Each structure stands twice: as structure tokens, then as C-alpha cells.
Participant: 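Starting off with a structure, shown below.
Here the structure is a predicted model, which means the values were calculated and not measured.
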Amino acid sequence: MGAGGEGDVALAEPESEGVSYGLAEFVAAEEMGRSRGFWWAPESDRLLVARVDDTPVERWWISDPSQPKRDPQHVPYPAAGTANADVRLFVLGLDGVRTEVVWDRARYPYLARVHWSAAGAPLLLVQARDQRSQLYLAVDTASGATQMVHADEDPIWLDLFPGVPCWSPSGQLVRIADEGGARVLAVGERPLTGAALHVRAVLDVTADDVLVAASAGESAERPETGEVHVYRVNELGVERVSDEPGVHSAVRAGGVTVLVSATPDRPGSRVRVLREGGRREAGAAPRGGRGTTGTVRSYAEDPGLSPA
């Protein structure tokens, strides 16, 4: 495709009504937090693309009470216990080559997570329908074959988390796991956090550390009920990035961290830009080597009240 949009070529087109490419099906988008259905290769020469067939899904009539003159819409909705959409995954080359990714879709029909980085083969997280078992699979993009790199089982429920699974720059599997009564960050086979933290999401992974969102675990000195903070984690220790009481998250790239904070003492969110400082000394635990370089101004209207 040219810069002006000319010369575009369709790599995949629906073969029939009810089939789509590159979109998340209802279950993935609504229940699993996966809002996309295509993933670029690090070299930008191929994509992983989900093919969704909604044909097996029951149709419901949904009307708009605010628009009683309009006809109700006939939409596919996979109610509990009924058929789900059929989800497949393909490697699509920009040259038109198409390879299906193969796994046991009968046993693990849910394509919950997809990750593709330069640190390793594409990673899939697939789940059984009862969400009590799941597999981490590495994809051979040439053949479409998959190889299991990890498996989880739980007698009740397996949660899904933002940011994982993924590869670290050194090629180790990064995941969030329930181990020893705690929800921990694991890199390779080693848990890097313990019972003091309840890890909720992986925000960024570099060669130096992993940035996570977590709340205080049961063994923490200060329970901080209802709070979520941002932490930097590596083999040397854990450092908290956010400071104020509240709920915090972050994004990071190129030595700059953007911290988004919702606190009880102000309406809306506060967005601060943090820049990393000097390198940590070898053998030392992570320390606060950063400073706030700016705060993104909020123009949100003041609600005029402070809930207590």
C-alpha cells in the first residue's frame, strides 16, 4: 500500500456471512479483555490474524427502548451453555502466503491472549471452556505447529491478566501465577515476588526489570485496602513507583514512565511523566532513580463535590 492508501491488497476476506478476520469475537472482547484480532510480526512482514465464524452462535433480538420506532437488531449472542463462535488463527504474509496455526481447539477453544515480540516465537494462551485449564503455546510461523511451554490447572478458576504471557528480552516466559497462597510475578521458573504483593498486571518488561500493577498482599505490613500501586521488580528486589494513596497504572518506553493516578482527594486522574535517573549499582536493590518531569494538565470539569 502506498502512503496515500493506493495499491491496497486484501490478505483475507470473509468467505461467507458470519465470518470475519482481524476482529475479536464477543467472548474475547467482552469477557476476556482481548479487544483485537490481529498482531504484527516484529519485522512487519507478517501478521497473526484471528478468523471468527459466528454461524454457530444463537441470534437474539435486541431493541432500543429509547427508539421504539426502530426494528430490533438480530445479533449473535453466545449465552451461557450455548455454542460459541469458532475461532481459528492464521499467519498471513504480505506476499499472500497463508498458514493456519494448529492446536487442540476442541479442548481449548478460547484464544485468550496472543503475544509476538522479537524475544521469541509468537505466544498463545488458550483456555478450556470451563477455564480450569490453560496452555501457553509457542508458534512455529513456518508450519503453524505449536509447542507447549507451560500449562496451568485450577480446580475452580483461572484468571486472565493484562500484559501476560510475554517473553522477556532474554527469552524467558513472563507470567502471573498463584503460588504458595500468593499471586506472584514469575520470570522463567522463578517467582520474583512473594506474599507481600498481589500482582494484577504486567505493564512493561525490559532487560533490567518488570513494571507491574499490584495491591498489597496478606503479609504486607500496610494492607492498603482498595489501593493498587505500580512497582518495579527484578531479582534484586521490589521498588514502588507510585506514592499517593489510590489506584495507579503506568505505561513506559525509552526510559520514560507515564504514571496515571486516581486518588480520593481529587476528581479525575492525575497523569505524571517520570524520567529514569542513573543506573543502579550492581548488587543493590532497585531504588528511586527518577524524577517527575511534568504533569499532564487535566481539563475535566470539577464535579463540585468530594465523596466521603
Side-chain angles (χ1 to χ4, degrees), residues 1-57 59 75-76 78 83-129 134-150 160 162-171 173-174 205 253:
M1 176 186 289
E6 69 281 357
D8 57 321
V9 176
L11 299 179
E13 294 182 296
E15 301 88 0
S16 61
E17 185 177 355
V19 174
S20 64
Y21 284 90
L23 298 175
E25 77 280 12
F26 178 89
V27 170
E30 186 75 10
E31 310 295 347
M32 295 186 166
R34 175 172 69 78
S35 59
R36 65 184 304 132
F38 66 93
W39 300 266
W40 279 98
E43 301 83 6
S44 298
D45 60 344
R46 293 166 294 173
L47 303 95
L48 281 168
V49 178
R51 177 189 184 274
V52 174
D53 183 357
D54 271 333
T55 305
V57 180
R59 264 54 180 175
V75 299
N84 283 316
D86 179 51
V87 181
R88 297 160 68 184
L89 189 67
F90 290 87
V91 181
L92 300 181
L94 300 187
D95 55 3
V97 174
R98 173 175 172 147
T99 305
E100 183 169 5
V101 177
V102 179
W103 75 93
D104 186 353
R105 293 191 298 114
R107 185 175 179 183
Y108 298 97
Y110 290 148
L111 179 63
R113 295 287 184 267
V114 179
H115 167 79
W116 200 350
S117 71
L123 269 175
L124 311 182
L125 175 59
V126 296
Q127 282 193 328
R129 180 158 184 170
Q134 62 188 20
L135 301 180
Y136 300 73
L137 304 174
V139 179
D140 182 336
T141 55
S143 67
T146 55
Q147 180 180 2
M148 186 183 74
V149 294
H150 187 79
L160 295 168
V164 289
C166 66
W167 297 116
S168 71
S170 62
L173 179 66
V174 180
V205 181

Participant: Should Val87 and Arg51 count as side-chain neighbours, where that means a heavy-atom distance under 4.5 Å?
Facilitator: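 No, too far: nothing below the 4.5 Å cut-off.
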
Participant: Where do Val19 and Glu15 come nearest, in terms of heavy atoms and distance?
Facilitator: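 Minimum heavy-atom separation between Val19 and Glu15: CG1-OE1, 3.3 Å.
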
Participant: Side chain of Trp103, backbone of Val126: donor and acceptor closer than 3.5 Å?
Facilitator: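 No.
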
Participant: Can you measure from OH (Tyr110) to CG (Leu160) and round to the nearest 0.5 angstrom?
Facilitator: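 The CG atom of Leu160 is 11.0 Å from OH of Tyr110, to the nearest 0.5 Å.
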
Participant: Indicate the atoms forming the closest heavy-atom contact of Cys166 with Gly163, along with that distance.
Facilitator: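 In this case the closest contact between Cys166 and Gly163 is SG-O, 3.7 Å.
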
Participant: What pair of heavy atoms forms the shortest contact from Tyr108 to Ala128, and how long is it?
Facilitator: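 Smallest heavy-atom distance, with atoms named: CD2-N, 3.5 Å.
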
Participant: So Phe90 and Tyr21, would you call those rings parallel, tilted or perpendicular, with 30° and 60° as cut-offs?
Facilitator: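 The arrangement is tilted - the two ring planes meet at 30° to 60°.
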
Participant: Is there a side-chain contact between Val91 and Leu47, using heavy atoms and a 4.5 Å cut-off?
Facilitator: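 A side-chain contact is absent here, since even the closest heavy-atom pair is not under 4.5 Å.
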
Participant: Which heavy atom of Pro42 sits nearest to which heavy atom of Ser117, and what is that distance?
Facilitator: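 That closest heavy-atom pairing would be CG-C, 3.4 Å.
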
Participant: Drop me the distance from Leu94's CG to Arg46's CZ, to the nearest 0.5 angstrom.
Facilitator: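 With rounding to 0.5 Å, CG (Leu94) is 9.5 Å from CZ (Arg46).
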
Participant: If you measure from CD on Gln127 to CE on Met32, what distance do you get to the nearest 0.5 Å?
Facilitator: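 With rounding to 0.5 Å, CD (Gln127) is 5.0 Å from CE (Met32).
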
Participant: What is the distance from atom OG1 of Thr146 to atom CG of Leu89, rounded to the nearest 0.5 Å?
Facilitator: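 Going from OG1 on Thr146 over to CG on Leu89, the span is 10.0 Å.
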
Participant: Closest approach of Arg98 and Ala12, non-hydrogen atoms and distance?
Facilitator: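 What the structure gives for the nearest pair is NH1-CB, 4.3 Å.
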
Participant: To the nearest 0.5 Å, what is the distance between CD (Glu100) and CG (Leu92)?
Facilitator: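 Here the rounded value is 11.0 Å.
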
Participant: Under the side-chain contact (heavy atoms from CB on, under 4.5 Å) test, which residues partner Pro76, sequence neighbours left out?
Facilitator: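 Pro76 satisfies side-chain contact (heavy atoms from CB on, under 4.5 Å) with Asp54, Val57, Arg59 once adjacent residues are dropped.
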
Participant: Quick test of your reading: applying side-chain hydrogen bond (donor to acceptor under 3.5 Å, both in side chains), list the pairs with at least one residue in residues 31-43, sequence neighbours left out, ordered by first then second residue.
Facilitator: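 Found Glu25-Arg34.
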
Participant: Looking only at heavy atoms, what is the nearest atom pair of Pro78 and Val27, with distance?
Facilitator: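 Taking Pro78 first and Val27 second, the nearest heavy atoms are CG-CG2, 3.8 Å.
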
Participant: Say whether, by atom type as modelled, one donor and one acceptor occur between the side chain of Thr55 and the main chain of Gly18 under 3.5 angstrom.
Facilitator: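 No: the side chain of Thr55 does not pair with the backbone of Gly18.
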
Participant: How far does CG of Leu173 sit from CG of Leu123, to the nearest 0.5 angstrom?
Facilitator: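 It comes to 6.0 Å.
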
Participant: Are Tyr136 and Leu124 side-chain neighbours, meaning at least one heavy-atom pair lies under 4.5 Å?
Facilitator: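 Contact flag for Tyr136/Leu124 side chains = no.
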
Participant: Report yes or no: does Trp167 contribute a side-chain atom to a donor-acceptor pair with the main-chain N or O of Val174 at less than 3.5 Å?
Facilitator: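 No: the side chain of Trp167 does not pair with the backbone of Val174.
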
Participant: Can you check whether Thr141 reaches Thr99 side chain to side chain, under 4.5 Å on heavy atoms?
Facilitator: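 They are not in side-chain contact.
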
Participant: Evaluate the side-chain proximity of His115 to Pro165: yes if any heavy-atom separation is below 4.5 Å, no if none is.
Facilitator: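 SC-SC contact between Pro165 and His115 ruled out.
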
